[in-house]
Amino acid sequence: MAFLKFNKSELVNLSYSLKREIISANKIGAVCNTSIVTCNTRRYHGLLAVTLDRFGGQNYMLLSAVDESIVVNGKQFNLGIHCYGDIYEPRGHKYVVDFEADPVPTITYKVGEIVFKKSILLMPDSDQVLLKYELVKAPSKVSLILKPFLAFRNVHALTHRNDQANTSYNEIPGGASFRLYSGFPDLHLQLSSKSFEYHHSPDWYMGVTYSDEYRRGFDCREDLLVPGYFEGEMKKGESVILSASKNEIIPTSLKAKYTSTVKKTPEISDKRSQLEHCADLLITNHNGRKQINAGYSWLYTGMLRETLLSIVGLTLCRDGNAAEFEEILDNLIEDNQERLATRTTQVEAPLMIAGVLQKYIEEFGADPKKVWKKYGNVIKNVIESYLPGVRKEISMQPNGMLWAQMDGVALSWMNAYINGVPVTERSGYQVETNALWYNAICFAIEMEQKYGAKTSKFPETWAPVKALIEENYMKTFWYPKRGILADYVDNNGQNVDTRPNMLFALWVKYSPVPEEYYHSILRTIDNELVTRRGIRTLSPRNPMYRGVYEGTQIERDLAYHQGSTRPFFLEAYADVCFRVKGPAFFNKVQWLVKSFYEDLGKHGVGAFSELYDGDPPHEAHGAVSSALSTAALLAVDYLMEKHKED
């Protein structure tokens, strides 16, 4: 029995089913993403998007959709569904009676006495999606018509009818191939059955509307080319497979390929296997380079901050794969030399490498000497890049602290903009950046003393800076009136908006905050920020708080870091609470984690979302499958297992 299912009453209700997405991705960068009734509601939705190195390594949508129609006794029933303005046509969802998410997303249709199944399988190792059609029950032969909708455009863009599109085709075994524009690869559409023929009749379908883009205030209409259709007969019990691929294949191999791939697909039978499955999808191996995708379907691969925050959870906490951990980290360092050494708007991100390596050593048994030999110079170079005169965006001050400022630029992870103006600029001394700074210096001094060259001057050079931070951190950030840390300090003094960034100051191994302050800080976080869907980005007591992430782009950007929750903070929160509260915290964290599994049938089906509303019932938003959220849940699961016996 499938782990995730939906029934007929849920599926035919578009206000319900269109808010639930299936997401499949493979190691080489191909993505299949659509709603559970296969009506595309975002520009990112489609059956086959592939990574194209020739176009900068970005994802391009080749095949947007395939509409199926069944013809019986001369009457045609259209199973597809598209939105045109506020009209849905055809309305194939009314025939849907069942959906199962695993092992392969499968939709069951019932048309009178006919029972028809469609399964969608993205191949794990190639730019290919297989659509399996099975005529489960039928009183007589039926004709199946398959109509492909071609896009050939960047996943972030939309396409429109134009004279440059090549509407011709090439005949190939079992089907036809198409290439709308030069520079693109061919899209090969081939069927496993010889009874199907391709009929060429190119036509543009105008004004296909993506309702989710419309709701968000974005450009939401595009035109898609339907080059023709495939038609063939099927009998009860028969199945046929349609392959959409960058490469031409042998049609007779399709059924065996489909069957063997499904057999190799790990069974998802519980919450843990679902979590591990999501983690696996988020680690790509395009061109033999392992990286982390920040989130499907529109976030990017290999992002510095997102990778450093998620790498431990997605690799070491998942299955202890140290080789994979190091490979991803090595690729990240190689690709981010400029950000690590000279300039970045992610001012705190380079310092996170120290925390990542600390966990690698202390939690997962890595040899500290080998780790320092390999990564020591990276850490030391990162630290030295914050000295005066190196970076324009951030620099160490005479008090040992880091001051970040670039007018009109958000220099932290809270980087939403409205009309080019940052919502939360946070210029000055940032609470999390300086905590990470102190931790990195302490770590580097300790490791260099133990494993560095005997002639190294690093420890004695940086020991005075360490002492300066110890002297000035609490003077700068502590706000005794409310017993919290200021979020940042600028020329106007302390900004004491209650935000989760102060969690970083408690989470790092070498904290600049004395332990006697932890309870007071955690009390405020518990009372104002903790929810059952992560940690709020701003306290509801603040007049700027926005508890619902909905509406126009401006309204959503106002809520993005002003109240919406972030599951990724749960890792830091749980780690700190276990250290401070001990075994008594176990039941609470178990309760917090359980809530995310209650949402597996929402937003991204079987996936863990980027953010949630700050207000109950905490609806999911953002990327439907987030590396940060998935990694945090794996890390919390690891912590729970670690503290279980206690």
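Computed over heavy atoms, backbone and side chain alike; hydrogens, waters and symmetry mates excluded.
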Check the pair Arg318 / Glu276 against salt bridge (charged side-chain N to carboxylate O under 4.0 Å, His left out), numbers first and verdict last.
-> CA-CA 7 Å; Arg318 183 184 64 158; Glu276 291 178 355; over 6 Å; no

Distance-only side-chain donor-acceptor flag, His277 / Asp102, under 3.5 Å: no

Going by atom types alone, do Glu21 and His45 pair a side-chain donor with an acceptor below 3.5 Å? yes

Does NZ or CZ of Arg556 lie under 6.0 Å from the centre of the six-membered ring of Phe218, at an angle within 45° of the ring axis?
yes

Check your understanding: If you count the non-hydrogen atoms of other residues, nucleotides and ligands that lie under 6.0 Å from CD in Gln553, is the total more than 12?
Key -> yes

Aromatic centroids of Trp204 and Phe149 separated by under 6.0 Å: no

Tyr16 and Phe6 aromatic ring geometry - parallel, tilted or perpendicular at 30°/60° bounds: perpendicular

Just checking Ile250: does its CD1 atom have more than 12 heavy atoms from other residues, nucleotides or ligands closer to it than 6.0 angstrom?
no

Counting C-beta onward and ignoring hydrogens, is there a side-chain heavy-atom pair between Thr301 and Ile292 closer than 4.5 Å? no

Working note: Tyr60 + Phe152, criterion ring-ring contact (aromatic ring centres under 6.0 Å, His included); need CA distance, chi angles, decisive distance, verdict. CA-CA 7 Å; Tyr60 282 76; Phe152 280 74; 9.8 Å; no

Do Pro103 and Glu267 come within less than 4.5 Å of each other through their side chains, counting heavy atoms only?
no

Do Gln291 and Asn293 pair up side chain to side chain, a donor and an acceptor below 3.5 Å, judged on atom types alone? no

From the list Lys594, Arg272, Lys271, salt bridge (charged side-chain N to carboxylate O under 4.0 Å, His left out) partner of Asp637 resolves to Arg272

Going by atom types only, do Ser245 and Asn247 share a side-chain donor-acceptor pair under 3.5 Å?
no

query = How are the rings of Tyr549 and Tyr560 set relative to one another: parallel (under 30°), tilted (30 to 60°) or perpendicular (over 60°)?
reply = tilted

- Message: Set out, in order, the CA-CA distance, both residues' side-chain angles and the distance that settles side chain to side chain contact (heavy atoms under 4.5 Å, CB included) for Glu619 and Lys602, then state yes or no.
- Response: CA-CA 9 Å; Glu619 294 294 340; Lys602 295 182 178 180; 3.9 Å; yes

Please evaluate residues Phe184 and Leu62 with respect to the criterion side chain to side chain contact (heavy atoms under 4.5 Å, CB included), reporting the C-alpha separation (whole Å), side-chain torsions for both, the decisive distance (0.1 Å), and the verdict. CA-CA 9 Å; Phe184 277 86; Leu62 300 182; 4.0 Å; yes

Interatomic distance, CG@Leu611 vs NE2@His561, rounded to 0.5 Å, equals 8.5 Å

NZ (Lys141) and CG (Leu135) are apart, to the nearest 0.5 Å, by 12.0 Å

For the pair Asn26 and Asp125, evaluate side chain to side chain contact (heavy atoms under 4.5 Å, CB included) and give the outcome as yes or no after the intermediate values.
CA-CA 7 Å; Asn26 67 18; Asp125 54 2; over 6 Å; no

*asked:* Working note: Arg20 + Glu10, criterion salt bridge (charged side-chain N to carboxylate O under 4.0 Å, His left out); need CA distance, chi angles, decisive distance, verdict.
replied: CA-CA 11 Å; Arg20 285 150 176 84; Glu10 293 168 333; over 6 Å; no

inquiry  = I'd like to know whether His93 forms a side-chain hydrogen bond (donor to acceptor under 3.5 Å, both in side chains) with Asn13, so could you lay out the CA-CA distance, the side-chain angles of the two residues, the decisive distance to 0.1 Å, and finally the verdict.
reply    = CA-CA 8 Å; His93 67 290; Asn13 180 0; over 6 Å; no

Flag if over 12 foreign heavy atoms under 6.0 Å of OH, Tyr214 | no

- request: Give the ring-plane orientation class for Tyr597 versus Phe608, where under 30° counts as parallel, over 60° as perpendicular and anything between as tilted.
  value: perpendicular

Any side-chain donor paired with an acceptor under 3.5 Å for Thr34 and Asn40? yes

d(Ser297 OG, Ile23 CD1) to nearest 0.5 Å is 3.5 Å

Whether over 12 other heavy atoms sit under 6.0 Å from Asn73 CG: no

Atom NZ of residue position Lys117 - does it have more than 12 heavy atoms of other residues, nucleotides or ligands inside 6.0 Å?
no

In terms of side-chain geometry, is the basic nitrogen of Glu213 or Arg221 positioned less than 4.0 Å from the acidic oxygen of its partner? no

Residues pairing under salt bridge (charged side-chain N to carboxylate O under 4.0 Å, His left out) where one sits in residues 64-87, two or more places apart or in two chains, turn out to be Glu68-Lys118

Between the CG atom in Leu146 and the CG atom in Leu191, the distance rounded to the nearest 0.5 Å is 6.0 Å

Problem - Donor-acceptor side-chain pairing of Tyr88 and Lys94 below 3.5 angstrom - result: no

**Asked** Relative to the ring of Tyr44, is the ring of Trp298 parallel (under 30°), tilted (30 to 60°) or perpendicular (over 60°)?
**Response** tilted

Original post:
Can a donor-acceptor pair be found between the side chains of Gln58 and Tyr300 at a distance below 3.5 Å?
Top reply: no

Does either side chain, that of Arg305 or that of Thr307, offer a donor lying less than 3.5 Å from an acceptor on the other one? no

Short N-O contact, Arg289 and Asp335, less than 4.0 angstrom | yes

- Fit a plane to each ring of Tyr612 and Phe596, take the angle between them on a 0 to 90° scale, and name the class: parallel (under 30°), tilted (30 to 60°) or perpendicular (over 60°). perpendicular

After noting the C-alpha distance and the side-chain angles of Arg179 and Ser177, does the key distance pass the side-chain hydrogen bond (donor to acceptor under 3.5 Å, both in side chains) rule? CA-CA 7 Å; Arg179 183 189 294 186; Ser177 66; over 6 Å; no

Note: Arg215-Glu550 ion pair, threshold 4.0 Å (strictly below)
yes

Between Lys290 and Asn331, the two heavy atoms sitting closest are O-ND2, 2.9 Å

ask   = Is there a side-chain contact between Pro90 and Ile81 (heavy atoms, below 4.5 Å)?
value = no

Check: Can Ser243 and Gln128 be counted as having a side-chain donor-acceptor contact under 3.5 angstrom?
Finding: yes

CZ (Phe99) and OG (Ser35) are apart, to the nearest 0.5 Å, by 9.0 Å

**Q.** Electrostatic pair Arg533-Asp613, nearest N-O below 4.0 angstrom
**A.** no

Kindly check if the number of other-residue, nucleotide or ligand heavy atoms within 6.0 Å of NZ (Lys27) is above 12? yes

Between Ala607 and Cys278 the two heavy atoms that sit nearest each other are CA-SG, 3.7 Å

Sorted by chain and residue number, the side-chain hydrogen bond (donor to acceptor under 3.5 Å, both in side chains) partners of Arg546 (sequence neighbours excluded) come out as none

Mind checking whether Pro173 and Pro251 have side chains closer than 4.5 Å, heavy atoms only? yes

Separation between CG (Leu309) and OG (Ser629), nearest 0.5 Å, reads 11.0 Å

*Close side-chain approach of Tyr109 to Val97, heavy-atom, < 4.5 Å*: no

Q. Is there a donor in the side chain of Thr315 and an acceptor in the side chain of Asn321, or the other way round, less than 3.5 Å apart?
A. no

Aromatic ring pairing Phe178/Tyr198, orientation class (parallel under 30°, perpendicular over 60°, tilted between) | perpendicular

Glu598 atom CD: more than 12 heavy-atom contacts under 6.0 Å: yes

